[in-house]
Protein chains: 2
Amino acid sequence: MQVQGNMKRPNTQELREMHATLCQALADPTRIALLYELGNGPKHVNEFVNALNLPQATVSRHLKMLRERSLVNTRREGSYIYYSLADERVLGALDIMFSVKNDILVRQGNLAKTSSQTD
Amino acid sequence: MQVQGNMKRPNTQELREMHATLCQALADPTRIALLYELGNGPKHVNEFVNALNLPQATVSRHLKMLRERSLVNTRREGSYIYYSLADERVLGALDIMFSVKNDILVRQGNLAKTSSQTD
DNA sequence: ATAGTATATTCGAATATACGGATATTACCG
DNA sequence: CGGTAATATCCGTATATTCGAATATACTAT
């Protein structure tokens, strides 16, 4: 298990709190969906609303949380505001947790049925 | 960005909820500390209590949450119950998020001061 | 059994988060 | 300007999470 880059691991209370605050962004199914959507390129709010079939207020609220944590960038283009991933590695972290979850399910006998193209 | 192993990404509401439930385990500074402690090998409850200087009830409660998500295994040994990491990749996900956070701080001008051996 | 140690759970109060309709704000364009 | 579309915020309510002292449970050893 290698620590990324040239930094230390979080050893102080304050660092752990920042770390946890960032991870908090991953702890909601809607935000996970938003982040993966952004993996396919920048999108504006209404695209999320349509793609995920969620109320605009809900999308906007969750995007705000990602913004506050600097996980997404925004740029205005015409009358749209485009959101983009600030750091693709976040999807890597999500992928890891997804694999872990999958393996847990397999281990527990719930088969590897992780797919289903219903989206 | 590669999806781990041979599985698909979470496309359904149900999968995203499970995914989020697992990520929820990472969204608390105490649990982050517990997981990193476990990176150094199995420990029993009192070792966490001493290492992290937390009330025993707090440690036990957070360990329970990790247990419920199958992120840790337990085995009794004499009068101790040893906890161990069920999947080391979780630390990889934490490391990624830690790097991301660090880069965000650097980008925002708060320097790369991520260390400090105060623990 | 009894005592002693390790771990888990209960409980009530404080705090945080999620929801989404309604409403505000902002920016673009004629 | 005025209208319109896009996005953000407000608000009350519902639900979830966190805390840690107190208490319960589980096991070991005598």
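Quick caveat: nothing in here was measured; it's all calculated off a predicted structure.
- Here the side chains of B:Arg31 and B:Leu63 are not in contact, with every heavy-atom distance at 4.5 Å or above.
- Between B:Ser60 and the phosphate of C:dA8, there is a side-chain N or O to OP1/OP2 separation shorter than 4.0 Å.
- Between B:Val49 and B:Leu54 the shortest side-chain heavy-atom distance does not fall below 4.5 Å.
- If you take CD1 of A:Ile32 and P of C:dT17, they are 16 Å apart, rounded to a whole angstrom.
- Taking the side chain of A:Arg76 as heavy atoms from C-beta on, and the options C:dA27, D:dA6, C:dT7, the nearest nucleotide is C:dA27.
- Here C:dT26 presents its C1' atom at 17 Å from OH of A:Tyr82, a figure rounded to the nearest Å.
- Between B:Asn50 atom CG and C:dT5 atom P the separation is 15 Å, expressed in whole Å.
- Between the side chain of A:Thr21 and the backbone N or O of A:Glu17 there is at least one donor-acceptor pair closer than 3.5 Å.
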Where protein sits on nucleotides 18-24 of chain C, one letter per nucleotide: B base, S sugar-phosphate only, - none, heavy atoms under 4.0 Å: SBBBB--
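- Taking 4.0 Å as the cut-off between side-chain N and carboxylate O, A:Arg16 and B:Asp28 do not count as a salt-bridged pair.
- No donor-acceptor pair under 3.5 Å is formed between the side chain of B:Arg75 and the backbone N or O of B:Ile81.
- Atom CD of A:Glu14 is surrounded by 12 or fewer heavy atoms from other residues, nucleotides or ligands within 6.0 Å.
- At whole-Å resolution of the value, CZ in A:Arg75 and C1' in C:dC28 are 17 Å apart.
- Within residues 42-49 of chain B, no residue has any heavy atom closer than 4.0 Å to DNA chain D.
- Atom-to-atom, CG of A:Leu63 to C1' of C:dT17 comes out at 16 Å; the value is rounded to the nearest Å.
- B:Lys64 places its NZ atom 12 Å from the P atom of C:dC11, with the value rounded to the nearest Å.
- The interatomic distance linking B:Glu68 (CD) with D:dA16 (C1') rounds to 13 Å, in whole Å.
- Panel note: side chain A:His62, backbone A:Ile32; no donor-acceptor pair is recorded below 3.5 Å.
- The shortest distance between the side-chain N/O atoms of A:Tyr83 and the OP1/OP2 oxygens of D:dA8 is below 4.0 Å.
- Put simply, the side chain of A:Gln108 never gets that close to the backbone of A:Leu105: no donor and acceptor are under 3.5 Å apart.
- Under the 4.5 Å side-chain heavy-atom criterion for Ile, Leu, Val, Met, Phe, Trp and Tyr, A:Leu26 and A:Ile104 are members of the same hydrophobic cluster.
- Mapping A:Tyr80 and B:Ile81 onto DNA chain C by nearest heavy atom places B:Ile81 at the nucleotide closer to the 5' end.
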